[in-house]
Number of protein chains: 2
Amino acid sequence: MAVSTIYSTQALNSTHFLTSSPSSSSKQVFFYRRQTNRRFNTIITCAAQQTVVIGLAADSGCGKSTFMRRLTSVFGGAAEPPKGGNPDSNTLINPQKQYADAVIEVLPTQLIPDDNEGKVLRVRLIMKEGVKYFSPVYLFDEGSTISWIPCGRKLTCSYPGIKFDYAPDSYFDHEVSVVEMDGQFDRLDELIYVESHLSNLSTKFYGEVTQQMLKHADFPGSNNGTGLFQTIVGLKIRDLYEQLIANKATAPAEAAKA
Amino acid sequence: MAVSTIYSTQALNSTHFLTSSPSSSSKQVFFYRRQTNRRFNTIITCAAQQTVVIGLAADSGCGKSTFMRRLTSVFGGAAEPPKGGNPDSNTLINPQKQYADAVIEVLPTQLIPDDNEGKVLRVRLIMKEGVKYFSPVYLFDEGSTISWIPCGRKLTCSYPGIKFDYAPDSYFDHEVSVVEMDGQFDRLDELIYVESHLSNLSTKFYGEVTQQMLKHADFPGSNNGTGLFQTIVGLKIRDLYEQLIANKATAPAEAAKA
């Protein structure tokens, strides 16, 4: 059962999608574990109805491998890139966008007027509203429109600074929330400061996003919104996975009681 | 001793200043009470060094009376306008701006493009940093730069909506924080929603700003930033007054111990 599928495509550099569409692509990554303890449900069978499928598709050079390494790390496994490739992914991306639950779009910065270097990126995390087990990340006040420049009296940043935007929007006629980060992190305190002001991150402890980002500081995009949002999407997928597993384990137990 | 002085002048409609300048104007309003209990210090003598002076100056029609009624209400007295007037206030305002601790500026809205009606106001509360007993109000994250449109999924507003801005700035070479409100309140839930997201309001209980605004809903500007910021400045003055009084009462007691 394809519960969630992650795609990745290219705006300026890359875009990722997490979809709950049952449609399959040739680039699906399966996470499954054999069930040994029915009570705590930390381990499940890989029978068809118990399998959680997480798929990923993206254009070449868009960060599929990096994203999968971040995701594997969030799930607690060793961070190693997936085997093989997907030569057909380019043709699969655009038709799938409408089914996406989460999209990471990479765009040129707006912090540097007429920027030609393309070194500083503006990255958007587009999250569908109303998806079971998936609560979009928000900044300060859920459902309102906010722009935030964290750099100021409490946090100093080097040029051109960091800017966040958060707003409700629509995407392929779906209601979505969009969190955008323009700029890049230069120091650890910038990263933890930003994490502390984002909500619904699905972290298991304060600072887990920062911990994951630091753990893989050598991965591409670890100092900008691509790394931040890949890490966050990894945490959201873990959360969704755990809720799905818990729900599946409860359902048969309750059916047995009845 | 002139501890704090409030002035009011005109941008579009009115501007108020709360200054710690020792300079005096002809429009000073004195709050003093005779001291009967040294321990709790709720009542003080009106000896020169124990008097707290709150002065107010503004151009004609700028809301001096309204502000004083709000302030009196916050202090717990009957809300009645001060006696007499100040025919010379116009010439006193501009030279005093540089000494202001807080300024309320009233400007045209930016929510309606090319607005000619002037019914919707954009109001700025400019607060000096580093003033003893006076902590500037902030929105979401102290010291950063934020714009916030509260109207969205959780709060619906009628046209043209409400927009807040918060940022550090400088004013007459002083470091200040500026909170700006553009638009107006149509419903009670808008007011309490906004109050719940402002910090350092010096309220004594949750919703005190809203309670004061509702209590005087018939006062001019009660549905926009002039009423909101007049009420907040009233609360800040009460807080400053109470800290001053507490400090003055503690100092002689400690001197007696030594």
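Being a predicted model, the structure only gives us computed values, none of them experimental.
For A:Asp218, the CG atom is densely surrounded, since the number of other residues' heavy atoms within 6.0 Å is greater than 12.
With a threshold of 4.5 angstrom between heavy atoms, A:Glu142 approaches chain B through its backbone and through its side chain. For B:Pro150, the part lying near chain A is the backbone, with the side chain staying farther off; criterion is any non-hydrogen pair under 4.5 Å.
Among B:Ser147, B:Gly143, B:Gly152, the residue making the largest number of heavy-atom pairs under 4.5 Å with chain A is B:Ser147. Ranked by heavy-atom pairs shorter than 4.5 Å toward chain B, the options A:Cys151, A:Ala167, A:Ser177 are led by A:Ser177. Residue with the most contacts toward chain B among A:Asp165, A:Leu139, A:Asp141: A:Asp141 (heavy-atom pairs, distance under 4.5 Å).
A distance of 5.5 Å separates OH of A:Tyr193 from OG of B:Ser144, quoted to the nearest 0.5 Å.
Shown here for A:Tyr166 and B:Arg153, the closest heavy-atom pair between the two residues is OH-NH1, 4.4 Å.
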